[in-house]
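The structure appears below as structure tokens.
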There are 2 protein chains.
Amino acid sequence: MSTTRRKYAPRLPPAQRRDQLLDGALALLAEGGFDALTMEAVARRSGVTKPVVYELFANRAEVISGLLAREAERATAQVLEAIPSGLDDRSPKDLYTDGVRAFVHAVVESPDRWRLVLLPPEGTPVEFRRQVELVRAQVTEQVNALADLGLKAMGGPELDAELLGHTMLALAEMSGRLAITDPERFPPDRLVAFVGKIAHFLPNG
Amino acid sequence: MSTTRRKYAPRLPPAQRRDQLLDGALALLAEGGFDALTMEAVARRSGVTKPVVYELFANRAEVISGLLAREAERATAQVLEAIPSGLDDRSPKDLYTDGVRAFVHAVVESPDRWRLVLLPPEGTPVEFRRQVELVRAQVTEQVNALADLGLKAMGGPELDAELLGHTMLALAEMSGRLAITDPERFPPDRLVAFVGKIAHFLPNG
DNA sequence: CCATATTGCTACGGTGGCGTAGCTTTCACA
DNA sequence: TGTGAAAGCTACGCCACCGTAGCAATATGG
């Protein structure tokens, strides 16, 4: 058995290869969870061998954090692009509702990406949790600001501002989760309509 | 070097050993996530050898589902015990608030247990997700019933009943999560007070 | 105090991922 | 067209976990 040499994979500049590998990693994750995300698997998936992967990522942890970093960036870009934060002739309530709308649509567009953020942590690699928490902290800050604004604009702070922020986030995430896990039953419109109503029932925010 | 024989672990009847092993498994999970939960580790952790573990669990999957089954049972018991569902002279809103109170206190009492349910899966073993979803489905049904009750009692269904159920659940889970991840900043009282206010702002439920 | 079931242990062979050393092919450019 | 750097590849040794076969200690009850 002359060990037949494998066909050379097409050559790629590092940056591009890196992206390709992360694509593979994301797919693996979506299919088989974190257990499926190994260096070997990433290599196989992209039709390439292990040393190639090690050329770009020192270890599994780097693949994971690299993946999350990239996806988080794209994810936020996806939302920010959809939400014209410039003109704010809208009330905080409408701003929030519009944000949720943009968010839910982004989720429906790239479920794999968002599954990563919405249905992840604990029991998953530590580095990963760290990263997610970082991103979440940023978002929380923004949302808290909005909540504050709402409370100030509409009267005395009858509600715990910080918790209101968390709640707004939780509502958005719930919508995203439902949009991913049961898209038939929960189309974006239904979700957004509901969130909008809730927002208007609250005394402010 | 005569290979010194290891000291015999105290003998235990199966049921008791089983419980001990699951305790070990839970601790491992809390410390190092799912990657840390291996047959070897479970054995080591309980000062016992692998075949002993295999005597009680055929494989990792069984350990996991066994663990989740036990914890889920204890968890629900913990809540049900704290919430006197018999007397319902209270309004649905108060019922809900009391439920959340009981829930948050249960969480604070056994964080490891609830972390398992609240900050879990995806990217974690499939069997596990299945189990969690089963439990969650049961709870969702209960909560939906409550939401329905609230909506009917307080006037026409201005709100999407099903989504209201999900929201109530999401609020409770958010409270639980915050109670676990930042207990200093979010003591039970603060959380419960907030949830109570929110409930009363909504037109019903 | 001995027989025997029960409980636990040692010791493997097997698999699969990790990470690296060193060789081979491509390809851009002279 | 030929050459050297860049990009890939093969092929290891290592380690951790899996799962099992067969032996050793310990209880119990006759």
Side-chain angles (χ1 to χ4, degrees), chain A residues 1-22 24-25 27-29 31-67 123-128, chain B residues 1-25 28-29 31-67 123-128:
Chain A
M1 284 270 163
S2 63
T3 47
T4 49
R5 208 161 220 290
R6 105 184 257 161
K7 212 180 160 190
Y8 253 55
R11 297 186 157 214
L12 287 182
Q16 205 167 333
R17 176 70 75 197
R18 189 188 146 90
D19 246 32
Q20 182 203 17
L21 292 178
L22 290 184
L28 285 171
L29 204 53
E31 285 170 17
F34 272 90
D35 288 357
L37 185 54
T38 69
M39 298 302 259
E40 308 253 4
V42 170
R44 267 199 304 272
R45 181 81 180 200
S46 299
V48 123
T49 56
K50 257 194 306 175
V52 174
V53 180
Y54 277 97
E55 199 67 19
L56 293 161
F57 304 94
N59 47 45
R60 193 179 111 124
E62 280 201 10
V63 172
I64 291 175
S65 77
L67 176 60
T124 62
V126 182
E127 329 85 62
F128 186 81
Chain B
M1 280 267 172
S2 62
T3 47
T4 50
R5 206 157 220 293
R6 106 183 257 162
K7 211 179 160 191
Y8 253 56
R11 296 185 158 215
L12 287 181
Q16 205 168 331
R17 177 69 76 197
R18 190 188 144 90
D19 246 32
Q20 182 202 19
L21 292 178
L22 289 184
D23 288 344
L28 285 171
L29 204 52
E31 283 169 20
F34 273 91
D35 288 358
L37 186 54
T38 69
M39 298 302 260
E40 307 252 3
V42 169
R44 265 199 305 272
R45 181 83 181 198
S46 298
V48 122
T49 55
K50 258 193 306 174
V52 174
V53 180
Y54 277 97
E55 199 68 18
L56 294 160
F57 303 94
N59 47 44
R60 193 178 112 124
E62 280 200 9
V63 173
I64 290 176
S65 78
L67 177 60
T124 61
V126 183
E127 328 87 59
F128 185 81

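Every chain is numbered from 1 and lettered A, B, ... according to where its sequence line falls, protein lines coming before strand lines.
The distance between atom CZ of F57(B) and atom C1' of dC18(D), rounded to the nearest whole Å, is 17 Å. For the pair E55(A) CD and dA21(C) C1', the interatomic distance rounds to 13 Å; values are reported in whole Å. Between the CD atom of Q20(B) and the P atom of dT7(C) there is a distance of 14 Å, given to the nearest Å. Atom P of nucleotide dT28(D) and atom CG of L12(B) are separated by 12 Å, given to the nearest angstrom.
Remark: of the listed residues E31(B), Q20(B), E40(B), E31(B) is the sole one forming a side-chain hydrogen bond (donor to acceptor under 3.5 Å, both in side chains) with R45(B).
Without hydrogens or angle criteria, R60(A) side chain to L37(A) main chain gives a donor-acceptor distance under 3.5 Å. A side-chain donor-acceptor contact under 3.5 Å links E62(B) to the backbone of A58(B).
What you find for A9(B) and G47(B) is that their closest heavy atoms are CB-O, 3.5 Å. Nearest heavy-atom pair, L12(A) versus R17(A), reported as atom, atom and distance to 0.1 Å: CD1-NH1, 3.7 Å. The two residues G24(A) and S46(A) have their closest heavy-atom pair at CA-OG, 4.5 Å. When all heavy atoms of L22(A) and L67(A) are compared, the pair lying nearest together is O-CD1, 3.6 Å.
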Identify each atom pair where a protein N or O and an N or O of nucleotides 4-6 of chain C are less than 3.5 Å apart, giving names and distance.
unit_1	atom_1	unit_2	atom_2	d
dT6(C)	O2	R11(B)	NH1	2.8
dT6(C)	O2	R11(B)	NH2	3.4

Would you tabulate the nitrogen or oxygen pairs shorter than 3.5 Å linking the protein to nucleotides 15-19 of chain C?
unit_1	atom_1	unit_2	atom_2	d
dC18(C)	OP2	M39(A)	N	3.0
dC18(C)	OP2	E40(A)	N	3.2
dC18(C)	N4	K50(A)	NZ	3.4
dG19(C)	OP2	Y54(A)	OH	2.9
dG19(C)	N7	K50(A)	NZ	2.9
dG19(C)	O6	K50(A)	NZ	2.4

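At most 12 non-hydrogen atoms from other residues, nucleotides or ligands lie less than 6.0 angstrom from CD of E55(A).
Each of dT7(C), dC9(D), dG8(D) was ranked by its minimum atom distance to the side chain of P14(B); first place goes to dT7(C).
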